[in-house]
Colleague: 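Below: one structure in structure tokens.
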Amino acid sequence: MIRLTEIKLPLDHDENAIKDAIVSKLKITPEQLHSFNVFKRGYDARKKTAILLIYTLDISVDNEEQLLTTFAKDQHVKVAPDTAYKFVAQANNDLKERPVVIGFGPCGLFAGLVLAQMGFKPIILERGKEVRERTKDTFGFWRKRVLNTESNVQFGEGGAGTFSDGKLYSQVKDPKHYGRKVITEFVAAGAPEEILYVSKPHIGTFKLVTMIEKMRAHIVELGGEIRFSTRVDDIHLEDGQVTGLTLSNGEQLNTRHVVLAVGHSARDTFDMLYKKGIYMEAKPFSVGFRIEHKQSMIDECRFGDNAGNPILGSADYKLVHHCDNGRTVYSFCMCPGGTVVAATSEEGLVVTNGMSQYSRSERNANSAIVVGISPEQDFPGHPLAGIELQRKLEKQAYELGGSNYDAPAQLIGDFLKGKSSSALGDVQSSYTPGIKLTDLADVLPKYAIDALREAIPAFNKQIRGFSTNDGLLTGVETRTSSPVSIKRDKTLQSINTKGLYPSGEGAGYAGGILSAGIDGIKAAEAVALSMLENAK
């Protein structure tokens with residue numbers, strides 16, 4: 001197969017235009033083209049009156065070798081890479097040990113799935129509930145303010161990504177095409193096939209629920225075991241080697257291979273690991289607010305008269321500003337046509353996040369607008385200091401919101417002017433349980449407030465209306481990434497604990513569904529190879 005890149009066509013092109021473009025590009029006759037498929041489709045909306053679709057195409061033609069020689073100097077005509085996943089190992093029938101995966105978010109899901117597909121029959125431990133029960137608990141918190149600290153936005157089958165926009169794109173380097181494995185498995189579980197080729201694929205919460213159930217069933221069919229409502233309370237070590245775990249029900253589980261895929265909010269687990277001597281460091285993360293605008297305003301700004309085109313869908317954005325005080329402010333986890341959600345996992349705290357359904361059809365766009373912070377500058381002295389800073393800010397948000405899980409909120413115009421808000425404007429809040437209008441300057445450190453007040457008007461130069469008086473800020477956004485990094489070596493094991501494989505977002509090696517899934521696959525491969533080596 002030959003891969004063609006950067007094939008540009010008008011947004012409204014007819015169905016024959018792709019074939020015509022291939023023939024024209026390669027200077028061949030239509031008869032020489034056997035077949036083609038769209039590997040990726042993106043768009044260029046820099047000129048709103050002439051938006052272009054940009055295709056990457058895999059094609060089959062006569063005389064492929066000759067064509068590749070003819071276009072040898074053309075970087076847009078290359079051999080199509082083999083993106084099919086290839087298993088690195090297969091379990092022996094006499095293996096005496098079963099690997100354990102802690103956590104059943106995207107990282108744990110794919111670690112468990114790949115281990116099961118290789119015949120290693122993993123045991124997967126998830127502190128939260130299965131996804132439908134978890135969904136009931138989460139929506140119950142949003143509607144009734146009753147928090148289950150073990151079953152919420154952060155904890156339960158599917159991980160934090162279940163209640164998100166379901167984005168499936170990442171900037172991580174992926175030379176082995178593990179990301180293709182992740183997306184292919186999602187499609188096999190019922191995701192829309194378009195996620196195989198659109199440049200910014202997403203799934204949305206409700207579709208993720210049914211997909212995760214199917215993937216869980218597949219793991220069980222292959223001999224895997226998934227235990228819900230099962231927290232790991234202790235890890236057993238002998239001479240720097242993992243030998244087992246103590247579970248929340250008191251059970252002792254023997255194993256020498258543990259994938260740690262707990263997510264970024266397992267604060268009690270991080271504390272337990274630190275006390276056991278597992279090496280970890282504080283790492284940078286970001287804090288800020290959720291910002292809401294009308295989605296129609298974002299669509300019009302990005303797409304002009306083409307707003308509403310079904311191929312384009314709801315518009316997103318990605319913004320960065322470097323401030324005079326040395327801070328960087330950026331948009332994060334932008335959710336077109338979505339809602340702002342309550343995302344705490346501990347009582348007496350308020351945390352925001354964003355969520356969208358597959359349709360992205362809600363009236364508001366929302367995104368985190370956050371300020372980067374670092375251990376050296378902002379929370380020095382202890383590997384878990386970032387967690388304490390998060391808790392401090394989340395407690396302040398809880399109290400400022402009225403100590404009933406309402407979130408503190410403020411109109412953008414009032415925030416920029418430094419005065420409390422008293423009434424909503426044109427943008428209605430999507431956050432439940434509810435909001436309390438106030439002055440958000442009391443939630444974050446002054447350096448963060450100063451940076452945000454500088455950045456939001458700067459973003460208005462890229463998206464007209466971004467700093468509109470009636471837009472809404474809701475706080476506080478603190479769980480942008482893990483506040484700790486659990487260091488690992490080239491074998492993906494902890495640098496001072498053999499048999500422990502820190503993985504995914506919680507350990508500091510991923511940032512979203514796709515990258516977490518990729519890291520889970522890497523962890524599964526490392527565990528499988530180690531188990532086979534030890535069995536010799």
Side-chain angles (χ1 to χ4, degrees), residues 1-26 30 33-61 71 74-84 165-172 174 177-188 190-204 207 298-299 302-318 334-337 356-361 512-515 517-518:
M1 300 283 283
I2 292 177
R3 175 163 292 177
L4 301 184
T5 57
E6 294 291 312
I7 300 297
K8 299 180 180 181
L9 295 170
L11 178 61
D12 58 352
H13 71 76
D14 63 41
E15 60 181 354
N16 293 319
I18 296 179
K19 182 176 180 179
D20 293 342
I22 295 171
V23 169
S24 175
K25 171 69 177 178
L26 297 180
L33 176 60
H34 297 167
S35 64
F36 71 88
N37 68 276
V38 177
F39 183 80
K40 183 177 289 187
R41 185 191 70 200
Y43 61 79
D44 181 350
R46 287 175 294 180
K47 189 174 181 180
K48 292 189 286 288
T49 57
I51 294 176
L52 296 174
L53 297 179
I54 305 175
Y55 290 94
T56 297
L57 306 169
D58 287 343
I59 67 169
S60 175
V61 295
F71 289 91
D74 189 333
Q75 62 179 341
H76 301 304
V77 182
K78 300 291 184 182
V79 175
D82 180 5
T83 61
D165 186 50
K167 295 179 180 67
L168 293 176
Y169 49 92
S170 173
Q171 295 180 329
V172 299
D174 187 21
H177 308 288
Y178 290 150
R180 194 68 174 176
K181 167 71 169 173
V182 172
I183 292 178
T184 300
E185 291 289 355
F186 279 151
V187 170
E193 288 194 8
E194 72 169 26
I195 70 171
L196 288 167
Y197 62 85
V198 294
S199 61
K200 295 181 179 180
H202 75 283
I203 301 175
K207 288 186 181 292
I298 303 295
D299 290 344
R302 300 288 282 169
F303 299 146
D305 291 341
N306 287 299
N309 186 291
I311 291 179
L312 299 175
S314 297
D316 62 2
Y317 57 77
K318 186 175 181 180
M334 194 271 162
C335 297
S356 298
Q357 299 301 342
Y358 176 69
S359 63
R360 290 178 166 175
S361 59
I513 294 173
L514 185 64
S515 59
I518 290 170

Colleague: At what distance, to the nearest 0.5 angstrom, does CG of L9 lie from CZ of R41?
Modeller: 11.5 Å

Colleague: Taking the side chain from S314 and the backbone from P336, do they hold a donor-acceptor pair closer than 3.5 Å?
Modeller: no

Colleague: Measure the CG-CE distance between L57 and M1 for me, rounded to the nearest 0.5 Å.
Modeller: 10.0 Å

Colleague: Backbone N or O of A307 within a donor-acceptor pair of the K48 side chain at under 3.5 Å?
Modeller: no

Colleague: Report yes if the side chains of L196 and V38 come closer than 4.5 Å at any heavy-atom pair, otherwise no.
Modeller: no

Colleague: Let me confirm one number: the CG-CG distance from N309 to L11, rounded to the nearest 0.5 Å.
Modeller: 4.5 Å

Colleague: Only pairs under 3.5 Å count here: list side-chain donor-acceptor contacts from residues 12-21, not counting sequence neighbours, and write none if there are none.
Modeller:
residue : atom : partner : partner atom : Å
H13     : NE2  : Y55     : OH           : 2.7
D14     : OD1  : N16     : N            : 3.0
D14     : OD1  : A17     : N            : 3.0

Colleague: When rounded to the nearest 0.5 angstrom, what is the spacing between OG1 in T5 and NZ in K25?
Modeller: 7.5 Å

Colleague: State, yes or no, whether a side-chain contact exists between F186 and K207 at a heavy-atom distance under 4.5 Å.
Modeller: no

Colleague: What do the steps show when you test T49 against D305 for side chain to side chain contact (heavy atoms under 4.5 Å, CB included), and what is the final call?
Modeller: CA-CA 7 Å; T49 57; D305 291 341; 5.8 Å; no

Colleague: Tell me which pairs pass salt bridge (Lys or Arg N to Asp or Glu O under 4.0 Å) where either residue lies in residues 49-59, with sequence neighbours left out.
Modeller: R3-D58

Colleague: Which atom pair, heavy atoms only, marks the closest approach of L53 to Y43?
Modeller: CD2-CB, 4.1 Å

Colleague: What are the two closest non-hydrogen atoms of I203 and A191, and how far apart are they?
Modeller: CD1-CB, 4.3 Å

Colleague: Side chain of H177, backbone of A84: donor and acceptor closer than 3.5 Å?
Modeller: no

Colleague: With a 3.5 Å distance limit and no angle check, can you tell me whether S60 reaches the backbone of S35 through a side-chain donor-acceptor pair?
Modeller: no

Colleague: Ignoring hydrogens, what is the shortest heavy-atom contact between S199 and Y169? Give both atom names and the distance.
Modeller: O-CB, 4.2 Å

Colleague: Quick check against the 3.5 Å criterion: does D299 have a side-chain atom that pairs as donor or acceptor with the backbone of A315?
Modeller: yes

Colleague: Near E6 CD, under 6.0 Å, is it more than 12 heavy atoms from other residues, nucleotides or ligands?
Modeller: yes

Colleague: Should we say atom NZ of K40 is surrounded by more than 12 heavy atoms from elsewhere, each under 6.0 Å from it?
Modeller: no

Colleague: side-chain hydrogen bond (donor to acceptor under 3.5 Å, both in side chains) with K181: which residues, sequence neighbours excluded?
Modeller: Q117, E185

Colleague: I need the I7 CD1 to F36 CZ distance, nearest 0.5 Å.
Modeller: 11.0 Å

Colleague: Please tell me if the side chains of V187 and I195 come closer than 4.5 Å, counting only heavy atoms from C-beta onward.
Modeller: yes

Colleague: So among N37, L4, V77, which one has a side-chain contact (heavy atoms from CB on, under 4.5 Å) with I59?
Modeller: L4

Colleague: Are K8 and D44 within salt-bridge range, i.e. N to O under 4.0 Å?
Modeller: no

Colleague: Output the distance between atom OG (S515) and atom CG (L168), rounded to the nearest 0.5 Å.
Modeller: 10.5 Å

